[in-house]
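Structure record follows, encoded as structure tokens.
Bear in mind the structure is a predicted one, so any value in this text is a computation, not a measurement. Computed over heavy atoms, backbone and side chain alike; hydrogens, waters and symmetry mates excluded. Lettering follows sequence order; numbering is per chain, from 1.
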Amino acid sequence: MLPAAAIEDIRGKGFISCRSPPILNRKLLLLQLLMSAETPSSKNVHLWQANYESAKTLETIIRVLCGFFAVISIATTAGIIGTLIFETIEFFQEVPLWQFLTDTRWTPLFASKQFGIFVLMSATLLTSTIAILVAVPLGLLSAIFLSEYASTTMRKTLKPLLEVLAGIPSVVFGYFALLTVTPFLQEIFDFVRTPIPIPAWLDFLPFTQYYEPDFFLELPFPYLEGFNALSAGLVLGISITPLVASLSEDAIYSVPQGLRDGAYALGATKRETILAVVIPAALSGIVASIILAISRAVGETMIVTLAAGQNPNLGFNPFVPVMTMTAYIVQVSLGDTAVGTLPYKTIFAVGMTLFLMTLTLNIFSFWFVRRFRERYE
Amino acid sequence: MLQDTSSPAVSSAAISVEKLNVYYGSNLAVRDVYLDIPRNQIAAFIGPSGCGKSTVLRCFNRMNDLIASARVEGTIRFEGMDIYPTGEAAKNFDPVELRRRIGMVFQKPNPFPKSIYENIAWGARINGYRGDMDELVERSLRGAAIWDEVKDKLKESGLALSGGQQQRLCIARAIAIEPEVILMDEPCAALDPISTLKIEELMAQLKEKFTIVIVTHNMQQASRVSDRTAFYNAEATDAGGKVGYLVEYDDTEVIFGNPKEEYTRDYVSGRFG
């Protein structure tokens, strides 16, 4: 047993210092070795003949090649935006902006032309809203399940399966909406609308007297048309769910385990940990995924063209045919509209509106992610 | 005075460990640990990397439950209560309740992405605290010696603080729910010497109210702050892996001054590890 003073001594100095002398010696040895060796002249120069000239040339070629292809993609984007802007300006020289914004009908192909963009916009907003109402709960909850509750094997199996859904061509989704979802919904709607016979012994109830002649109760339920925003929106939602799920899952999964541990160590349950710690920490990624999904829903063409119809109706009735901005562009592009005419120019004005909408969303997303991203070392 | 050693409830140990084996999958990670952590003292776990000191620590509040492959054998009693019960008792046992009584501070400061105030208040709220929240937040932050630095920015994010401040915030968060034991898993590993000193001073104060178990790589730190020291080592197994075991557990003066085991002497004098 050492005396207390000795222990104090040991405590003060620290034991690590005992290790330093051998390291110091080794360093000195290395230094001496380096200084004594005659490195350059002892090398056999015939064995080492690097061609620095050709290496430099190759370096330049690669740089120019990469730069060229980078410029192509940027130039294409610039070209598209340029065309959009140019044709849109042409359009607004013929149709005043206030008419574009205030008309309540969209009839550029008819004799009495009206250019109310809100007719098309309302349809796009309607289908996108329905889609988001489907995609956000579905996608977010599956993301939470995959990253927090599923076992590693389950996650490794389910996530690729979910991403397969993203690989289904949108035209297939469109036909699925038109030929499967709409008839299915119509059956449900018809069933709900079927008059219910009121048995005679219920006569004492006050409301039955209104149906006295035939004793039937009929719910005032809407009729679902063959083309409608509802099934287009629902299927659109299914088609963007993998996007929300996959990106949100990435965001949630990348929340450091240490944060979860910290919550559990305070006596938090799994639910409390997920709601109060994991989701807020992953919020910027989740919001970014949702905004990307909205952009996709707004710009999605095939599903809404096939299933939502071609009738420009102003309003937010999901049970009747509507025409989204993208569907209109398809209609005019496929038709026999002559280049340079006013209907031809409308598709650029509509395209520009669409572009501005998604651009706004993307800028907001960019700002939000930068503003709310939590930085962990 | 005669003490009834058969009843753990009256012993002076907050945590007592008997024949603890921890497995990850089929690999034995730590074997045959026996030790008692005395109440209102600081026990330090030292040893080379991979010797299982953190693993043992994480058994005390059942944090190893979060690792699917981890399995624990043996008995750990916390204030006389078996925290790894078997059979019928296992169904009624709730690790969440245990973690409320045994707090933990981690190697890397891990404040929640919330305001400084909410970092403290959240834990209290989920544990059903019904008192004055402002008062509790202030008391906890004072207890962790960080009140003066943050009192004017309680609404700011906890992530905006420096590393040392974040770690003290995490200590404040842990003591806010008034646990009986605080486990510290290398709490100063990511901190600079000045922050480390502050945390060490803090530990000396916290000892009055809490029992502390600290895992540290820094032997000087163990010798400075702890009352009892456990030295763990790892040995190679036949299967080619490593298994940790407790070499020696004694008063810190003995471990650093006159250890019984040769291994301990070699380790604390810096001859290996």
Check each atom of [X] against the heavy atoms of chain A and say whether the ones under 4.5 Å are side chain, backbone, both or neither.
{"X": "B:Ala68", "result": "neither"}
{"X": "B:Arg101", "result": "neither"}
{"X": "B:Leu98", "result": "neither"}
{"X": "B:Leu66", "result": "side chain"}
{"X": "B:Phe106", "result": "side chain"}

Shortest non-hydrogen contact from [X] toward [Y]:
{"X": "B:Arg173", "Y": "A:Gly262", "answer": "NH2-CA, 3.7 Å"}
{"X": "A:Ala276", "Y": "B:Lys114", "answer": "O-NZ, 2.8 Å"}
{"X": "B:Pro113", "Y": "A:Pro280", "answer": "CG-C, 4.5 Å"}

Could you check whether atom [atom1] of [X] has more than 12 heavy atoms from other residues, nucleotides or ligands sitting under 6.0 Å from it?
{"X": "B:Met81", "atom1": "CE", "result": "yes"}
{"X": "A:Phe368", "atom1": "CZ", "result": "yes"}
{"X": "A:Leu161", "atom1": "CG", "result": "yes"}
{"X": "A:Tyr149", "atom1": "OH", "result": "yes"}
{"X": "B:Tyr263", "atom1": "OH", "result": "no"}
{"X": "A:Arg296", "atom1": "CZ", "result": "no"}

Do the side chains of B:Val96 and A:Tyr264 get nearer than 4.5 Å, heavy atoms only?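 Of all side-chain heavy-atom pairs linking B:Val96 with A:Tyr264, none is under 4.5 Å.
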
For residues B:Pro111 and A:Leu259, determine if any side-chain heavy atom of one lies less than 4.5 Å from a side-chain heavy atom of the other.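 No. Closest side-chain heavy atoms not under 4.5 Å.
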
Just one of A:Leu266, A:Val278, A:Thr273 clears the side chain to side chain contact (heavy atoms under 4.5 Å, CB included) bar with B:Phe112, so which one?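 Of A:Leu266, A:Val278, A:Thr273, side chain to side chain contact (heavy atoms under 4.5 Å, CB included) with B:Phe112 is met by A:Leu266 alone.
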
Determine whether A:Asp261 and B:Arg58 satisfy the following criterion, salt bridge (Lys or Arg N to Asp or Glu O under 4.0 Å), listing intermediate values before the conclusion. CA-CA 11 Å; A:Asp261 287 350; B:Arg58 292 168 72 92; 3.6 Å; yes

With sequence neighbours left out, write down each residue that passes side-chain hydrogen bond (donor to acceptor under 3.5 Å, both in side chains) with B:Asp250, or none if nothing qualifies. B:Lys260

Distance (rounded to the nearest 0.5 Å) between B:Ile67 CD1 and A:Gln257 CD: 8.5 Å

